[in-house]
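Take a look at the structure set out below.
As the structure lists them, so they are numbered: ligands from 1, and atoms in each ligand from 1.
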Amino acid sequence: MTTINDHYLKLKAGYLFPEIAKRVNAFCESRPEADVIKLGIGDVTEPLPGAITAAMHDAIDEMSQRETFHGYGPEQGYAFLREKIAKFDYQDRGVSISADEVFVSDGSKCDSGNILDIFGDNNRIAVLDPVYPVYVDTNVMAGHTGSADEQGRYEGLVYLPVTAENDFVPEFPDEAVDLIYLCYPNNPTGVVASKEVLKRWVDYARSNNAIILFDAAYEAFITDPEIPHSIFEIEGADEVAIEFRSFSKNVGFTGTRCAFTVIPKKLKAQSSTGEAVSVHQLWNRRQSTKFNGVSYIIQKGAEAAYSTEGREQTRQLIDFYLENAGRLREGLEKVGIRVHGGVNAPYVWLKTPGDFDSWGFFDELLQKAHLVGTPGSGFGASGEGYFRLSAFNSRENIEAAVDRFQKLVS
Ligand code: MLT
């Protein structure tokens with residue numbers, strides 16, 4: 001009989017967000033009159049900026065004419081988009097990343113999982129705790145862990161707790177690790193990393209021959225000029241880091257799908273025979289074989305995010321969600337809740353009030369206030385007793401959510 005990848009059996013029953021959706025759907029079925037406001041998954045609500053949709057319309061027109069039609073595009077992404085990314089996201093910030101170090105893709109979630117294809121199975125892997133669940137689950141799927149304990153921690157992974165007690169700054173691992181997942185602005189806690197913190201990680205990676213998988217999907221929400229947007233702003237990071245970026249949260253592409261991964265050509269990892277191999281070349285090989293690129297129309301839309309008009313409209317979108325985050329933060333603080341994040345990030349991370357654990361508070365909030373958030377424990381054992389609210393919603397819903405929240409806890 002055909003066998004399966006047994007490692008999948010180690011995974012917890014459902015991926016966090018579908019599990020939440022299941023519970024919310026069950027609630028809505030039993031209470032169809034309830035006006036539920038969802039601040040759970042970080043999914044954007046506002047329409048795509050006009051500059052972007054206009055570019056997509058033009059691209060559709062091109063596709064309808066033989067002379068301007070496009071078939072397969074380059075697996076790595078069209079040069080017109082890679083060049084804009086390299087210029088606006090890196091070179092204009094004084095970071096030397098070239099267009100051919102940028103790989104356009106259909107999502108950071110996919111890339112952060114797929115990247116494991118090119119690394120060995122014996123790497124020691126460190127993740128923050130709480131953490132974006134994809135980093136953990138994809139390592140479980142790849143067979144890089146043992147089973148989970150009662151708190152959901154997988155044997156073989158190195159967890160670095162980040163809580164209010166350590167100001168959300170992780171300690172370095174006690175044992176040497178080879179791959180380190182970092183996400184800043186952080187999902188789920190909404191905290192950012194200073195230049196000093198990132199420099200310490202880059203130094204750690206350099207002295208341990210480790211690679212940092214840096215998820216910067218939320219960098220556009222950084223407004224503090226002192227906070228780096230990219231790991232490559234740190235000297236020497238181009239020899240020890242890969243960066244994942246996305247158009248999902250800044251220009252609203254969660255349903256449109258476009259992202260990119262930056263792999264500097266200087267980055268090397270070791271083969272089993274001890275040879276230093278270019279990670280860029282391996283990823284290029286992997287993408288050319290398993291991926292056919294992002295559609296021309298979508299890449300034209302993403303390119304338009306870098307036009308003068310596109311950048312202005314994108315800024316407005318980000319400011320809108322940041323204002324939402326600020327309102328959530330202030331509204332919760334007013335009723336005595338300890339709140340983290342939500343300043344240079346679209347997520348607000350709070351201590352669950354009273355004696356509630358994370359899922360207990362999820363149920364309370366849903367049942368009594370018809371509000372949906374994400375239980376902190378869903379992101380890892382150290383997230384227990386915390387709760388995440390997403391600022392991605394309409395202003396009206398954010399205001400109503402703050403109001404309901406305040407009534408519930410005061
Ligand atoms: C989240 O809510 O954590 C994100 O929406 C998940 C994602 O971007 O995949």
W359 six-ring face occupied by R23 cation (under 6.0 Å, within 45°): yes
D43 heavy atom under 4.0 Å from ligand 1: no
Short N or O distance, R388 and ligand 1, threshold 3.5 Å exclusive: yes
Just checking, K351 and Y386: is the charged tip under 6.0 Å from the six-membered ring centre and within 45° of the axis? yes
So D35 and R404, do their side chains get closer than 4.5 Å, heavy atoms only? yes
K265, NZ atom: more than 12 neighbouring heavy atoms under 6.0 Å: yes
Which residue supplies the protein heavy atom nearest to atom 5 (O) of ligand 1, what is that atom called, and how far is it? K249 NZ, 2.9 Å
Okay, side chain of Q281, backbone of V277: is any donor-acceptor separation there less than 3.5 Å? no
Check ligand 1 against I41 and write out every atom of the ligand that is under 4.0 Å from a heavy-atom position of the residue. 2 (O), 5 (O)
To the nearest 0.1 Å, how far is atom 6 (C) of ligand 1 from its closest protein heavy atom, and which atom is that? Y132 CE1, 3.6 Å
Quick one: which ligand 1 atoms are inside 4.0 Å of a heavy atom on Y347? 1 (C), 2 (O), 3 (O), 4 (C), 5 (O)
I need the atoms of ligand 1 closer than 4.0 Å to a non-hydrogen atom of F17, numbered in the order shown. 1 (C), 2 (O), 3 (O)
Check whether F103 forms a cation-pi arrangement with R82 (NZ or CZ under 6.0 Å from the six-membered ring centre, at most 45° off the ring normal). yes
Taking only heavy atoms of N187, which atoms of ligand 1 are found under 4.0 Å from at least one of them? 1 (C), 3 (O)
Between K10 and Y154, is NZ or CZ placed under 6.0 angstrom from the six-membered ring centre and within 45° of the ring axis? no
If we only count N/O pairs under 3.5 Å, is F379 in contact with ligand 1? no
For ligand 1, which atoms sit closer than 4.0 Å to a heavy atom of G42? 1 (C), 2 (O), 5 (O)
